[in-house]
Amino acid sequence: MAMIDRRDFVKLVGAGSVGAGAGFMLAETIKHPVEHLIPYPVPPEEFSQGIATWYNTVCSMCSAGCGISVRTLEGRAKKIEGNPSHPVNQGRLCALGQAGLQVLYNPDRLTAPMLRTGERGDGAFVQTTWEEGLAEAANRLSSLRASGQVDRVCFLAGGVRGHVGRLFERFMAELGSDRLLNCDFGHAQTLYTASELFFGERQLPYYDLENTRYVLSFGADFLGGWLSPVHHSLGFGRSRQGRSGVRGRFVQIEPRMSLSGAAADEWIPARPGTEGILALGIARHIVEEGGYAGADRAAWAESLAGYTTERVAEQTGIESATIVRLAEAFAGTRPSLAIGGGAVGNHTNGVDALVAVNALNYLAGNIGQTGGLVFNPVPAFGPTARAGQSGYRALLELAEDARQGRIEVLILNATNPVFAMPAAAAFEQALAEIPFIVSLSSFMDETTALADLILPSHTYLESWGDDTPEPGVGFTVAAIAQPVVAPLYNTRATADIILGLAQELGLGDALPWASAEEYIKASWREIYERAPPDAATRSFDEFWRSVLKAGIWGEETRREAAAFTVDASVIARVGVAAPEFSGSSDEYPFVLHPYSSHALHDGRAANLPWMQELPDPMTSVVYGSWVELNPATAEELELREGDLVEVQSAHGAVTVPVFVFPAIRPDVVAVPIGQGHSEYGRYAKNRGVNVLEILAPLVEPTTGSLASSATRVRLVRTGRTARIVKTGGASRQLGRGVVQTTGEGASAGPRATLKGIPITVEPA
Amino acid sequence: MQAKSSPISYADVNNDIVRSLVVTGPKYYITLAAAISLTLICYFFPWFYQLYYGIGAAGMNHPQVWGTYLASFIFWIGLSHSGTLLSCVLHLTNSAWRKAMYRSAEAMTLFSLMVAASMVAVHLGRPWFIHWSLPYPNQMEMWPNFRSPLLFDVMAITTYLTGSSIFIYMGSIPDFAAVRDRTTGWRHYMYRLLSLGWRGTDTEWHRLGWAYTFLAVLIIPLAVSVHSIVSWDFALSVVPALHLTIFAPYFVVGAIYSGTAGIVTVMFVLRKYMKFEKYITELHFDNLGKLLLALSLLWTYINMLEVFTGWYSGESAELEALEYKLFGKYGPLYWEMILFCAVTPLLCMFKRFRTSFVPMLILSIAINIGMYTERFLIVGTSLSRKYLPDAWNSLYVPSVVELSILAGSVALFCTLFLIFVKIFPSVSIYEVKETLPAPEKGSPQWQATQ
Amino acid sequence: MSFFDDFLAKWREYRKPGYYERFDYAWTMTIDLDRCTGCEACVTACQAENNIPILGEAELAKGREMQWMRIERYWEGEYPDVKLRFIPMLCQHCDAAPCETVCPVSATYHNQDGLNAQVYNRCIGTRSCAVYCPYDVRYFNYTDHQWDKPLDEQLNPDVTVREKGVMEKCTFCIQRIRQAKDSAKDDGRRRVRDGEVQPACVQSCPAEALVFGDRQDPESRVSSMMDNARAYRVLEELNTLPSVVYLKKVDGNAG
Ligand SMILES: Nc1nc2c(c(=O)[nH]1)N[C@H]1C(S)=C(S)[C@@H](COP(=O)(O)OP(=O)(O)OC[C@H]3O[C@@H](n4cnc5c(=O)[nH]c(N)nc54)[C@H](O)[C@@H]3O)O[C@H]1N2
Ligand SMILES: Nc1nc2c(c(=O)[nH]1)N[C@H]1C(S)=C(S)[C@@H](COP(=O)(O)OP(=O)(O)OC[C@H]3O[C@@H](n4cnc5c(=O)[nH]c(N)nc54)[C@H](O)[C@@H]3O)O[C@H]1N2
Ligand code: SF4
Ligand code: SF4
Ligand code: SF4
Ligand code: SF4
Ligand code: SF4
């Protein structure tokens with residue numbers, strides 16, 4: 001008989017185990033706030049004290065969809081790390097993703113359903129039960145159904161992907177309303193449209209940074225917060241130092257240096273909004289000066305004729321020689337990659353500019369190439385809710401309908417438009433006209449504060465769900481999201497709330513699942529059945545357990561690198577107009593560059609203390625807002641760090657301290673997005689300013705998304721000062737060789753090992 | 001070398017000094033009460049608050065982790081320096097003018113050392129474990145770290161404190177006996193204990209003289225080493241502007257300098273308020289003035305050296321630290337220090353200045369303000385400018401708690417001194433007598449001494 | 001041999017070159033500055049793994065930061081030819097650590113793996129180690145820290161929560177090293193495998209700029225990373241012999 005002592009037993013049971021469905025197992029044993037003197041007289045099966053269990057699920061802190069492994073001990077989540085099997089992040093994780101624990105354990109979570117008692121917005125709520133809460137919401141909906149007015153129900157969802165997003169669609173369809181709006185402030189709508197216009201496919205292609213040798217990035221802070229920063233960072237690191245003898249170079253074009261700009265070999269501050277023109281200037285040089293030999297060369301030459309180097313130089317403020325150099329390096333280095341996004345898409349010419357960037361990739365022959373731009377296969381769950389994102393214009397229409405009394409019920413999920421919309425849109429005032437607002441938020445954010453009924457959702461670490469990452473990774477993957485701890489409070493998974501509502505409304509036949517878990521499981525049965533190898537070799541239960549364990553499922557479905565040509569009509573349409581701005585340059589001398597804060601994202605992370613205390617990577621500022629000025633501008637205006645200025649646009653003003661920032665155009669001022677919450681818990685509330693408030697309501701015409709980089713502002717000194725709290729001190733090395741650099745090519749060849757340095761502290 | 005015109009006799013000496021111990025006016029009590037209350041309010045209360053809250057009650061930050069508490073520590077150690085040291089040197093060189101002042105000077109040493117030691121406790125993050133810095137046998141076999149300059153410090157200070165205590169006590173035994181013989185009741189009893197049965201026999205005098213000289217010889221190197229070791233707390237680091245070989249002599253000279261100035265202050269106060277005009281005279285101030293002048297020149301020289309070596313190194317870190325000290329946020333304090341410690345003491349070149357009591361008092365206080373500033377700058381500027389510029393983010397500003405404890409430490413010193421003057425004869429009875437002509441046997445004066 | 005001779009003999013041995021190399025491991029981290037993007041994932045990873053307190057704005061405004069791993073930033077040049085350089089800065093686990101000599105109670109000492117260990121229980125809070133550390137990577141608990149409930153649920157039970165008056169700093173995630181050694185022992189292996197220990201910061205780094213391992217093992221990844229012309233150590237001239245080795249950033253425009 002094998003001898004197993006207690007230690008071994010404990011290890012056998014728990015060591016390094018990756019668990020499945022903690023919520024399922026632990027739900028009854030560790031409900032908060034019951035505290036057992038001895039927590040586990042009879043512990044759950046895969047559970048032993050002092051030994052961690054890891055659960056794989058999906059990060060929901062941004063839209064990248066990284067896979068995470070959550071370390072749990074005694075039923076508490078202790079640490080989030082990357083899931084090594086997930087192709088997006090390959091075990092790595094960004095700061096924000098790791099701070100997800102503080103969403104789960106946030107002291108300011110909503111803990112139970114609540115009904116408004118006082119006036120709207122004065123914050124008076126009374127707790128209620130789920131039964132009453134759901135009945136209240138169902139009553140409203142059924143009376144509208146009875147009177148044939150279900151189109152007066154609007155569901156504002158925050159871009160939830162996967163089958164939970166699908167559930168929203170089905171629910172609304174069954175209800176009979178087509179007003180399902182997905183709105184996410186940072187959504188790359190223009191990028192989808194630019195893809196659709198140029199490639200004929202509404203998707204985010206895969207940027208193969210890892211294998212490229214030359215990147216031209218137009219405004220895309222791909223290492224900071226853009227699309228899928230962890231995956232991009234992996235690619236970036238490997239392209240730099242992961243291949244022997246080859247070091248990828250990259251050039252960043254943007255008016256204010258971002259994290260990516262800092263990592264770039266060259267940073268080029270073109271005039272804001274002219275990046276697309278620069279792309280076309282480069283494209284014309286490639287076509288004209290012999291770099292391009294495609295059959296459609298003539299069409300391109302004609303289409304790009306206007307973008308002469310001289311004209312482009314004048315418009316963008318970039319020297320002709322630089323344009324020529326970039327063009328030659330881009331076309332001459334194989335493979336190369338042009339990416340565009342961020343502020344470039346947020347101008348009035350945003351889509352055209354991004355089309356121009358696509359054109360560059362086309363002209364340099366990067367489409368479908370390793371180290372270039374690769375198309376994704378159809379996502380595992382089919383076209384997703386994300387691709388159907390509604391933009392700013394749709395929200396304006398919603399607001400207008402609300403004002404006209406055409407909206408009776410508004411359901412809000414994972415979105416905070418009151419915070420994200422410019423004051424000029426008068427969105428908050430429009431909400432006042434809606435008789436009944438239901439929020440499914442886990443937190444008291446600015447929009448939830450205006451709700452009549454709050455049905456608080458679980459956080460993502462307590463919920464079931466699934467996801468297909470966007471942008472994809474070049475082949476089909478899907479990830480499963482499962483609870484890693486039992487729910488902390490009397491909240492419900494969003495999907496359960498919707499299913500519950502459906503029950504109340506008698507839609508149970510169409511939405512028959514008893515729980516979110518059952519729904520997700522049923523949805524994955526379809527995937528199981530679609531994938532023959534699995535169906536042949538193992539049962540669904542085996543498949544399901546293995547998916548829960550791995551957290552990820554994938555198929556080798558890479559697309560063939562087929563020859564790709566663009567239509568002549570597309571070529572003819574290529575062109576970027578000069579950007580439009582709100583406000584004249586005389587009255588408002590500066591272009592305002594609002595950017596997503598590295599730590600706080602679009603403001604959603606402002607309630608996480610780790611993120612509030614994470615020094616901004618570029619400035620080291622914590623806990624506040626600031627406006628960045630070029631040193632020359634600051635000198636001219638006689639402003640110094642900490643001087644409070646009013647940043648005035650034609651649509652409002654915010655008062656922020658000045659931060660003198662060495663890497664921003666003198667005619668641009670930048671303010672990070674994320675602070676300035678009037679609600680949202682103790683860590684976020686009444687801190688800094690929300691620069692989104694003062695944006696001009698200009699839109700990018702093709703997509704109707706907000707042209708958030710198209711506002712001009714002026715600075716008015718207030719004479720007051722404020723302390724900018726930051727962790728960094730002097731910003732120059734003073735020749736001390738702290739960060740040492742070397743020339744390119746010097747990386748070859750080992751040197752005498754560092755171990756050889758003699759110790760000279762030997763005692764006599 | 002008592003002034004010739006002096007009419008004082010042995011009896012006067014006895015009476016005056018015993019009077020200072022026995023006759024206590026309301027003024028004394030008021031002063032003592034004030035000192036004790038100030039100690040409680042300014043020193044102990046803020047300290048207790050700090051114990052409860054943590055060192056965060058002070059203004060220190062990252063990486064400026066040391067602040068006024070350590071500056072005060074060095075300051076009080078420094079102040080302790082001239083007392084016993086000067087007394088020893090003057091004893092060995094047979095300078096008679098020492099005799100009227102050495103007792104109070106030695107007391108200064110003792111009390112400043114005590115205050116300094118208490119500053120260490122105030123400085124510590126977890127003073128309740130302060131005993132871990134002592135080498136005592138324990139079942140865990142955990143010893144302190146003998147490589148640490150801080151541990152050298154603990155050793156040096158305890159030795160110095162012990163040595164100085166014995167020195168002052170031994171020198172006071174004949175006086176305790178003299179007081180014993182002139183008091184009654186509990187005082188008599190107390191002084192009987194303190195005087196260890198002293199009868200004044202030749203053998204006793206002989207042994208006392210021998211032991212006293214022996215101790216004096218021992219204490220001089222000890223005193224020099226103490227402040228050298230204090231300087232090593234800083235100099236053994238690799239912090240720019242602290243890692244200097246000049247630091248040991250720099251600290252010793254500074255210590256003697258501030259200690260001598262402290263003696264001037266105390267002598268003035270004693271002379272005025274304890275009515276010792278007859279014993280503490282212009283002569284003392286004249287001599288101390290000369291000493292101050294010499295010390296100030298030496299101190300200035302070392303300061304110039306410090307600046308020069310920093311500048312001459314040509315190293316970014318050293319230059320930056322130097323520049324920050326001279327012209328940074330705390331720059332004005334540096335120049336205040338130069339004014340008080342290098343410029344004004346030059347007035348001591350004039351005999352008229354040296355022999356004027358009030359100007360000398362003002363000078364002595366100014367020097368000690370300057371010397372406190374010096375210590376503050378050593379602690380308070382160097383750490384703000386170490387090697388990695390990114391860490392230079394915050395200006396260290398002492399908090400109210402720190403400033404209060406600084407003021408309170410003066411009150412604590414005064415309290416201790418006030419208690420001392422009522423227990424110890426603050427002017428040595430027998431040694432002052434040695435400077436007087438002996439009374440003729442059988443004369444009334446002789447009678448009075450019996 | 002008398003006690004004294006014995007003591008002296010040991011003492012002489014103690015700091016001979018290669019002293020630490022006789023032991024099983026010499027944990028080392030390499031940081032490739034050409035990969036590091038300054039994203040600070042490592043900073044949050046360390047906060048989360050090591051129960052580093054949330055200080056609040058007021059404490060930070062006093063300059064009392066607490067980041068065992070921090071990112072330093074240095075600007076070079078002027079607009080528009082301006083560069084920003086990042087450098088992750090953590091305890092360098094110096095083999096000749098100035099912080100160790102000064103601690104009067106040996107609360108910070110060198111362990112046999114070459115780690116600069118910090119015994120919180122023993123620390124009396126003189127803060128001299130922070131003064132002596134040339135890298136300013138030691139952080140002091142100026143007061144007791146609170147975790148607003150239920151944020152305390154996330155605290156890592158493998159790591160102590162430090163009280164006021166105690167110094168703290170990067171431990172190279174010693175709890176993870178211990179765990180790896182423990183499982184190596186259970187598996188009957190004498191040594192931990194290369195890559196088996198991943199400190200939290202290394203584990204998270206999205207650009208794979210950080211590599212951790214045993215430099216005694218010539219086959220380990222750190223050893224191969226160190227064998228690079230770009231390798232250097234910060235403030236090498238002070239001869240603190242750090243166990244953190246940086247790889248120079250390649251300046252794309254310099255050559
Ligand atoms: N890290 C670390 N681990 C250790 C040790 C160590 O030094 N360090 N020491 C080891 C040693 S020697 C020991 S003895 C063990 C101790 O290990 P445990 O026995 O686990 O010790 P405690 O945590 O002190 O107490 C256990 C529980 O008893 C509860 N309790 C208190 N009074 C009563 C009562 O009257 N009735 C009941 N039913 N419960 C009560 C307490 O609330 C607590 O939850 O730990 C061992 N583990
Ligand atoms: N406040 C408080 N006090 C408690 C308890 C509590 O929960 N709270 N628990 C109580 C209990 S249950 C216990 S068992 C006791 C434990 O109290 P102690 O027995 O004092 O336990 P330890 O602190 O673990 O100290 C054991 C010592 O043994 C040393 N040691 C380790 N290995 C060896 C070895 O191989 N040989 C030798 N010779 N020494 C070795 C260690 O270095 C350490 O110095 O504490 C009791 N006291
Ligand atoms: S990039 Fe987005 S999804 Fe990935 S870890 Fe960070 S926040 Fe989570
Ligand atoms: S996580 Fe990696 S890339 Fe990011 S700052 Fe840290 S070391 Fe640099
Ligand atoms: S980096 Fe500082 S704290 Fe770490 S071992 Fe070296 S001297 Fe000590
Ligand atoms: S603060 Fe603690 S670890 Fe540092 S020297 Fe003092 S006692 Fe030692
Ligand atoms: S090694 Fe561990 S303790 Fe050190 S900085 Fe990294 S995460 Fe923090």
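Here is how names work: the chains are called A, B, and so on, in the same order as the sequence lines, proteins then strands, and each is numbered from 1.
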Going through the checks in order, is the side chain to side chain contact (heavy atoms under 4.5 Å, CB included) test met by A:L488 and C:E153? CA-CA 11 Å; A:L488 259 66; C:E153 302 272 22; 5.7 Å; no
Let me know if [X] has heavy atoms under 4.5 Å from chain A in its side chain, its backbone, both or neither.
X	result
C:V202	backbone
C:E49	both
C:P88	neither
C:A209	neither
C:V234	side chain
C:D158	side chain

Side chain from CB out, backbone as N, CA, C, O: work out which of these in [X] comes under 4.5 Å of a heavy atom of chain C, or both, or neither.
X	answer
A:A599	neither
A:Y683	side chain
A:R682	side chain
A:T619	backbone
A:I664	backbone
A:N106	backbone
A:D616	backbone
A:M257	side chain

Test side chain to side chain donor-acceptor pair (under 3.5 Å) applied to C:D152 and A:Y105, step by step: CA-CA 8 Å; C:D152 55 334; A:Y105 292 126; over 6 Å; no
Gap separating the [atom1] atom of [X] from the [atom2] atom of [Y], nearest 0.5 angstrom:
X	Y	atom1	atom2	value
A:Q241	C:D34	CD	CG	4.5 Å
A:L101	C:L151	CG	CG	9.5 Å
C:C205	A:L234	SG	CG	8.5 Å
C:I71	A:L614	CD1	CG	9.0 Å
C:E40	A:L259	CD	CG	8.5 Å
A:L93	C:C42	CG	SG	12.5 Å

Select, from [options], the one with the greatest count of heavy-atom pairs under 4.5 Å involving chain A.
options	value
C:M89, C:E76, C:E72	C:E76
C:C36, C:P157, C:A200, C:P80	C:P157
C:S224, C:A61, C:G77	C:A61
C:E65, C:E237, C:Q203	C:Q203
C:V43, C:L155, C:L33	C:L155

Is it the case that atom CD in C:Q179 sees more than 12 heavy atoms from other parts of the structure closer than 6.0 Å?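 No, CD of C:Q179 has 12 or fewer neighbouring heavy atoms, counting only those of other groups under 6.0 Å.
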Counting only heavy atoms not in A:R723 (residues, nucleotides, ligands), do more than 12 fall under 6.0 Å from its CZ?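 Enclosed.
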Check the pair A:F236 / C:E208 against side chain to side chain contact (heavy atoms under 4.5 Å, CB included), numbers first and verdict last. CA-CA 10 Å; A:F236 161 78; C:E208 301 175 310; over 6 Å; no
Please enumerate all residues that pass ring pair (Phe, Tyr, Trp, His ring centres under 6.0 Å) together with A:Y214, with sequence neighbours excluded.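 Partners of A:Y214 under the ring pair (Phe, Tyr, Trp, His ring centres under 6.0 Å) test: none.
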Hey, which of A:H232, A:Q612, A:R238, A:R736 has the most heavy atom pairs under 4.5 Å with chain C?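 Among A:H232, A:Q612, A:R238, A:R736, the one with the most close pairs to chain C is A:R238.
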Is there a donor-acceptor contact under 3.5 Å from the side chain of [X] to the main chain of [Y]?
X	Y	result
A:Q90	C:P206	no
A:E613	C:L55	yes
C:Y232	A:T741	no
C:R73	A:R732	no
A:Q98	C:A41	yes

Between A:T727 and C:R70, is a side chain to side chain contact (heavy atoms under 4.5 Å, CB included) present by the stated rule, with each step listed? CA-CA 9 Å; A:T727 60; C:R70 66 168 189 263; over 6 Å; no
So, for [X] and [Y], which heavy atoms are closest and what is the spacing to 0.1 Å?
X	Y	value
A:P609	C:I54	CB-CG2, 3.7 Å
A:P615	C:Q67	CD-NE2, 3.0 Å
A:A730	C:Y74	O-CE2, 4.1 Å
A:A663	C:V82	CB-CG1, 3.6 Å
A:K79	C:A45	CE-O, 3.6 Å
C:G38	A:P617	O-CB, 3.4 Å

With sequence neighbours excluded, tell me which residues meet side chain to side chain donor-acceptor pair (under 3.5 Å) with A:W267.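 Side chain to side chain donor-acceptor pair (under 3.5 Å) check on A:W267 returns A:E254.
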Minimum side-chain heavy-atom gap [X]-[Y] below 4.5 Å:
X	Y	value
A:S731	C:W75	yes
C:Q154	A:K78	no
C:Y79	A:P666	yes
A:Y623	C:L60	yes

Under the side chain to side chain donor-acceptor pair (under 3.5 Å) rule, what do A:Q740 and C:R85 come out as? Steps first, then yes or no, please. CA-CA 9 Å; A:Q740 297 186 13; C:R85 315 274 193 213; over 6 Å; no
Would you call [X]-[Y] a salt bridge at under 4.0 Å N-O?
X	Y	answer
C:D32	A:R240	no
A:E81	C:R176	yes
C:E57	A:R687	yes

Test side chain to side chain contact (heavy atoms under 4.5 Å, CB included) on C:D251 and A:T742 and set out the steps. CA-CA 6 Å; C:D251 192 330; A:T742 175; over 6 Å; no
